[in-house]
Amino acid sequence: MRGCRGIARAALALSALLVLAMAATASATPVEGPAGSAFYTPPAKTPAGSAGELIWYRQATVNLQVSLPSNKAWTVLYQSTGQRGEPDFVTGTVIVPTSKWTGKGSRPVVTVGIGTQGIAPQCAPSKQVVAGTEYDGAAIIDSLKAGYAVDLTDYQGYTNGAIPTYTAGKAEGQAVLDIVRAGRQLPGSGLSESDPTYAWGYSQGGQAVGWAGELQSSYASNVKLSGIVAGGVPANLLEFGPFSGESVGSGFGILSAIGLESAYPELKLGTLTAAGEKAVGAALSQCAVQLIETLRDANFREFTSNHESLEELEKTEPNFKKALEEQSLANKAVSAPVYHFHGLEDEFVPVAQDVKLHYDWCENGAPDDFQLYSGDHLFTDPLGASAAIKWLEERVAGKTAPSTCGQHKAGATLPSNARLTPETGDLIIKLVDWSLKGKVTEKSGIAEELPSGSTLSAEADATTGRLVSELGIPPINQTFYVGLIPVTVSGALTPTGPATGTFAFSESGNEVSESAEGKANELVKGVKIGLLNLPIGCKTVEPIDLPLSIKEPTNELAVGNFAFKAEVTVPPFGECGLLGPILSATTSGPGNTVEITASPPAPINW
């Protein structure tokens, strides 16, 4: 057993990064930074300037694996403030569209608090947005497509030799604000204090922008926020013990313990066991999506010599409980209206504590538009993105922000599918009643629209890779024209059962792939040609194979939906007398295409 030490100090030893000493001190005039990894080695041990000061920068090319508007981008190193008020260096990215802003006033700026990336050096958002491995790009993509500039902080701790202060809320919020000030100093950015500024974050980023909103008036008065989008917010870390111990979210518990000990060096969370050394090593070498699987259902008691869970540590280590308490939001009203959302079946961030944050912010006087989505943690991020960008566009246009304050009383019962206990075992991702729109084009060229009310529900096991999905298709009643003559076909497409297949994220989480095979019987109940009504009642002699195959960047979900196209072979029709050969000749065989777009359900009324 090694000598007593804290998790973060063990992490420093395990990371074993060679930091080259640089004699220069921070300059008041920003300069171009060095190439390669040396960019992440600050020019001095301690910053000598002021918070928000740009130290150096270099040009960057952003790659989110999706089409983006033409833009200029820079990786930046700037000064911010740590959890305990100490000055520190922070890295990030600034992106500005090259097209002229044609909207109201000057170009809006969105400062993005990104979701959990992992604390390994390669997980820094500024590195991932260049490498093409960033999975949480919804806020960046939607903001750029709207013509807004984007400031993206890495948060504290991604400079060489440092450890990120993961879940240290005050440090995160300050980094979110300071990169706005730093971006204004970039030569050629065109950004200034007159630009309306908004904050957008989900998960860890929701915590960060929440803190930014509460700190802004006292910490960065020259970064006036005009609106905040906060989703999946970890507002009270004391509620996370059960959700981050022996559950699918165990990895986040390890990250938080390391991050808080980095922010609070006085914390003593026990001597690491061999299993603990291995877990910390994984946290220091893997990014978030991979780490979720590596440490899924891990038992924190096995990681330290005192064999205590995170919940037990709160009782035996007063400083740990105090550190957790200091990350709680709702200390004061946020300085701008909020669009605030959460997934009811969130397996990582308890929904109940975020609902309480809504009540608290309302009580403090903030106009908070809080919405609940029927979804888990991972997919609720893109689920809420389309509504979030619409909300931002309305604020930019000068419309009054809506608020749901007062619609519910504190302690109101949540919908029955709200997750109130941790998820253990496999990581399950659900899609519930996504609406389907699209068409089936027969080989004859006749196109039939999917009937209104068509839905897709699916359950993907991200651990085993198994996918099960179900289609719900109402009766078909389609009218088309042959010349000037209306032809109405009534019938049904009835699945024989669930479609089954595979589901997977790439190691970095930046790509998702799905493949499934289903079967359905097609019934043609009747045909009406002009005024002539012909009851038929024929159906395919065997089920139609319905393939589903999607492989696309996770960031494609930023548009709020996904689409797929397939060619299907329709078997011959039987039980329809003389019309059977006619239907078979025009429809049966290969060459029939299916094009479908699946869109998420609207937020839940509760």
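- Sorted by first and then second residue, the pairs that involve residues 520-546 and meet salt bridge (Lys or Arg N to Asp or Glu O under 4.0 Å), not counting sequence neighbours, are Lys519-Asp545.
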Chi angles and distances behind the side chain to side chain donor-acceptor pair (under 3.5 Å) call for Thr479, Thr488: CA-CA 4 Å; Thr479 298; Thr488 300; 2.8 Å; yes
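- Residues Ile114 and Pro125 come closest through the heavy atom pair CG2-CG, 3.7 Å.
- A distance of 11.5 Å separates CG in Leu372 from CZ in Phe341, rounded to the nearest 0.5 Å.
- Residues that satisfy the ring pair (Phe, Tyr, Trp, His ring centres under 6.0 Å) test with His342, not counting sequence neighbours, are absent from this structure.
- Across Leu436 and Ile596, no two heavy atoms sit closer than the pair CD2-CG2, 3.7 Å.
- Looking at Arg466 and Phe503, their side chains never come closer than 4.5 Å, going by heavy atoms from C-beta outward.
- Contact annotation: the side chain of Val129 approaches that of Leu152 to within less than 4.5 Å [non-hydrogen atoms, C-beta and beyond].
- No side-chain donor-acceptor contact under 3.5 Å links Ser126 and Thr75.
- Between Gln122 and Gln128, the side chains place no donor N or O within less than 3.5 Å of an acceptor N or O (distance only, hydrogens not considered).
- For the pair Pro571/Ile544, a side-chain contact is recorded, criterion being any heavy-atom separation below 4.5 Å from C-beta on.
- A ring-centre distance under 6.0 Å is not found for Tyr339 and Trp200.
- One side chain, Asp154 or Thr91, offers a donor N or O that lies under 3.5 Å from an acceptor on the other.
- Side-chain atoms of Pro121 and Tyr158, non-hydrogen and from C-beta on, never get closer than 4.5 Å to each other.
- Counting heavy atoms from C-beta on, the side chains of Thr569 and Asn592 never come closer than 4.5 Å.
- Taking the six-membered ring wherever Trp is involved, the centroid distance between the rings of Phe348 and Phe252 falls below 6.0 Å.
- The side-chain contact (heavy atoms from CB on, under 4.5 Å) with His377 is formed by just one residue from the set Arg419, Glu347, Glu345, Glu423; it is Glu347.
- Side-chain contact check for Thr98 and Ser70: at least one donor-acceptor pair (N or O, by modelled atom type) lies under 3.5 Å.
- With Arg296 contributing its side chain and Ser247 its backbone, the two residues share no donor-acceptor pair below 3.5 Å.
- In this structure the side chain of Val396 never reaches within 4.5 angstrom of the side chain of Trp391, judged on heavy atoms.
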Stepwise side chain to side chain donor-acceptor pair (under 3.5 Å) check, Asp433 with Ser457: CA-CA 5 Å; Asp433 290 337; Ser457 293; 3.3 Å; yes
Where do Glu134 and Gln117 land on the side chain to side chain donor-acceptor pair (under 3.5 Å) test, with the steps shown first? CA-CA 8 Å; Glu134 179 53 59; Gln117 304 289 294; 3.3 Å; yes
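- Taking CD of Glu556 as the reference point, atom OG of Ser67 lies at 9.0 Å (rounded to 0.5 Å).
- Donor-acceptor pairing under 3.5 Å is lacking for the side chains of Glu514 and Thr502.
- For the atom pair CZ (Phe379) and OG (Ser374), the distance works out to 13.5 Å, reported to the nearest 0.5 Å.
- Side-chain contact of Thr116 with Tyr166: a donor-acceptor pair under 3.5 Å is present, judged by distance alone.
- No side-chain heavy atom of Thr380 sits less than 4.5 Å from a side-chain heavy atom of Asp346.
- Between Thr496 and Asn521, some side-chain heavy-atom pair lies under the 4.5 Å cut-off.
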